[in-house]
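First up is the structure itself, then whatever we jot down about it.
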Number of protein chains: 2
Amino acid sequence: MDKNPLVLLELVERLANLMRSELRRSSGDESLQPVHVQALVYLSRANRYSNTPQALSSYLGLTKGTVSQTLLLLDRRGLIERYQDDVDRRVVRLRLSTSGEQLLYEAQPALAWQNATRNISPNRIRNATSALREALATLLEDNEGALFGECTTCAHCQKLSQRISRCGLMGDRLSGPETRRLCWLFEPRGDEE
Amino acid sequence: MDKNPLVLLELVERLANLMRSELRRSSGDESLQPVHVQALVYLSRANRYSNTPQALSSYLGLTKGTVSQTLLLLDRRGLIERYQDDVDRRVVRLRLSTSGEQLLYEAQPALAWQNATRNISPNRIRNATSALREALATLLEDNEGALFGECTTCAHCQKLSQRISRCGLMGDRLSGPETRRLCWLFEPRGDEE
DNA sequence: TTTTATAGTATTGAGTCGATACAAAAAGTC
DNA sequence: GACTTTTTGTATCGACTCAATACTATAAAA
C-alpha cells in the first residue's frame with residue numbers, strides 16, 4: 001500500500017484545522033464560529049442557482065438542519081438576508097447583507113493563507129490545485145455530492161458574446177461577473193481551457 | 001492579487017470538511033466525533049517525545065483544556081491509556097489501548113481518501129504534498145507552532161548504523177520503526193534525501 | 001527558600017451538529 | 001381534481017466541542 005496519499009491527507013487535515021483556528025481569531029469581536037465565516041465566504045461567491053440552504057449544506061457537508069441553525073444565527077446578527085423564491089416558494093434565497101460584506105472585508109479570513117503561500121510558485125500552486133480537485137471529484141463521485149465550480153470551466157456554459165454567456169442546463173443568460181461565481185450544478189469540461 | 005492560492009484554500013477546506021463527514025460515518029457504532037478519531041490517528045503515529053496532551057494540542061490546533069476533555073472521553077471508553085512520566089511527573093504519556101488500535105484498524109478512517117486519490121499519479125501526489133508542506137511550514141512559522149514530521153527527514157536525526165539512529169536534540173537512540181513516527185521536535189533538513 | 005514557569009485538570013457556558021419530527025409547497029399518480 | 005410522494009426548509013432535543021477561567025502539582029529559576 002502506498003503511504004504517500006496518507007501524508008497528503010494529513011497535510012490537508014492539519015492545514016484545515018489551523019485555518020479554522022485562524023478563522024476563529026479573525027472574526028474577532030463578532031465571535032463567530034469558523035463554520036459561520038465559511039458560510040459567509042460561500043455566500044459571497046455563490047451564483048443565483050446556489051444561494052440556498054440546500055446548496056450550502058452540500059458545500060459544507062453538513063445536514064440541512066445544522067445549516068438551518070447556522071443561517072438563523074447569521075440572520076439574527078444581520079449578516080445575511082433571507083427571502084423567498086418567487087417561482088418555487090419552498091426555496092429560500094440567501095445573500096450577504098451590507099454588514100456581512102463589511103465583516104468579510106475587514107476580517108480577511110484568508111490573509112494568513114495568502115501569507116503562508118507567498119513563496120510557492122504559481123505553477124506549483126496550480127499543480128497542487130489540480131491534484132486536490134481530482135481527489136475532490138472522485139470523493140464526491142462516490143458520495144453523490146456536488147463538485148461546485150465556476151461557469152468559466154463548466155460544461156454547461158455557452159459563450160454567446162464577449163460579455164454574455166448562457167447556462168445550457170438552466171437556460172438563463174449570465175453576465176460576465178456571474179460566470180465567475182460558484183455553482184453547484186457545475187460539471188467539469190472535458191477540455192481544459 | 002493572485003486568486004489561485006484562494007482556490008487552493010477552498011479545496012483544502014472542502015476536502016477536510018468532507019473527510020470529517022467521512023470520519024463521522026466510519027467510526028460507526030462507537031459514535032465518536034471526528035476530533036476523537038483524529039486524536040487516535042495521531043496517537044497511533046506519535047513517537048516517544050510526542051505522545052503527550054501538549055503535543056496533541058499543538059498538532060490539532062486546540063487549547064490544552066479542550067484536548068484534556070477529548071482525552072478524558074477516550075480514556076473512559078477504553079480507547080487510550082494514560083500514565084505518568086517517570087522523569088517529569090507533570091507530564092502525562094498517552095498510548096492507544098488494544099481496543100483503540102482495533103477501532104482504527106476496523107474503521108479505516110482514510111479509506112475514502114485512498115479511493116479518492118487512486119487515479120492520481122504518485123508524482124502529482126508528491127508535488128502537491130511538497131507544496132502543502134511548504135504552506136504549512138510558513139503558516140506555523142508565523143504562529144510559532146510545531147511542524148511535526150518523521151525522523152527520517154529531520155535535521156536532528158543522526159544515523160548510527162543501518163538500524164539505529166540517534167536524536168541529536170534529545171540524545172536518545174532510536175530504532176528503525178521509531179524513526180518513522182511523528183515528532184513535534186521535527187526540524188526540516190536543508191538537503192532533501 | 002521563594003518565585004515563577006510548565007503540564008495538565010475541572011468547570012462553565014455559548015455554540016455545533018445530527019436525529020427526529022414537523023410544515024409547506026411542488027410534483028407525480030390515479 | 002383528489003391523492004400520495006417528494007422536496008425544501010424549520011423546530012426541538014441531547015450529546016458533544018471548544019475556549020476561557022480558575023485550579024493543582026511538579027519542576028526550574030532566582
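Values in this document were obtained by computation on a predicted structure and should not be read as measured data. Reminder, nothing fancy here: chain letters follow the sequence lines and each chain counts from 1.
- Contact of B/Arg90 with C/dT6 (side chain to base): a donor-acceptor pair of N or O atoms is detected under 3.5 Å.
- Contact check on A/Arg181 versus A/Glu178 returns no salt bridge, with no Lys/Arg side-chain nitrogen under 4.0 Å from an Asp/Glu carboxylate oxygen.
- Using a 4.0 Å heavy-atom cutoff across all strands shown, B/Val35 reaches sugar-phosphate atoms only and no base atom.
- For B/Tyr42 and B/Tyr59, the distance between ring centers is under 6.0 angstrom.
- Side-chain contact check for A/Arg124 versus B/Glu134: some heavy-atom pair is nearer than 4.5 Å.
- Contacts of A/Arg93 with the nucleic acid, taken as non-hydrogen atoms under 4.0 Å apart, are absent.
- Judged by distance alone, with hydrogens and angles left aside, A/Ser68 brings no side-chain donor or acceptor close enough to the base of D/dG9 to form a pair under 3.5 Å.
- Which of D/dT8, C/dA7, D/dA27 sits closest to the side chain of A/Gln54 comes down to D/dT8.
- Of the charged side-chain nitrogens involved, none lies within less than 4.0 Å of a carboxylate oxygen, so that B/Glu13 and A/Arg20 do not count as a salt-bridged pair.
- Comparing B/Asp88 and B/Leu72 along DNA chain C, the residue whose closest nucleotide (by nearest heavy atom) sits nearer the 5' end is B/Asp88.
- Using a 3.5 Å distance cut-off with no hydrogens or angles, the side chains of A/Glu150 and A/Thr152 do pair a donor with an acceptor.
- Taking only side-chain atoms of B/Leu62, from C-beta outward, the nucleotide of C/dG15, D/dA19, D/dT8 with the closest atom is D/dA19.
- For DNA chain C, none of the residues of residues 40-51 of chain A falls under the heavy-atom distance limit of 4.0 Å.
- Note: A/Ser130 OG to B/Leu8 CG = 10.5 Å, rounded to the nearest 0.5 Å.
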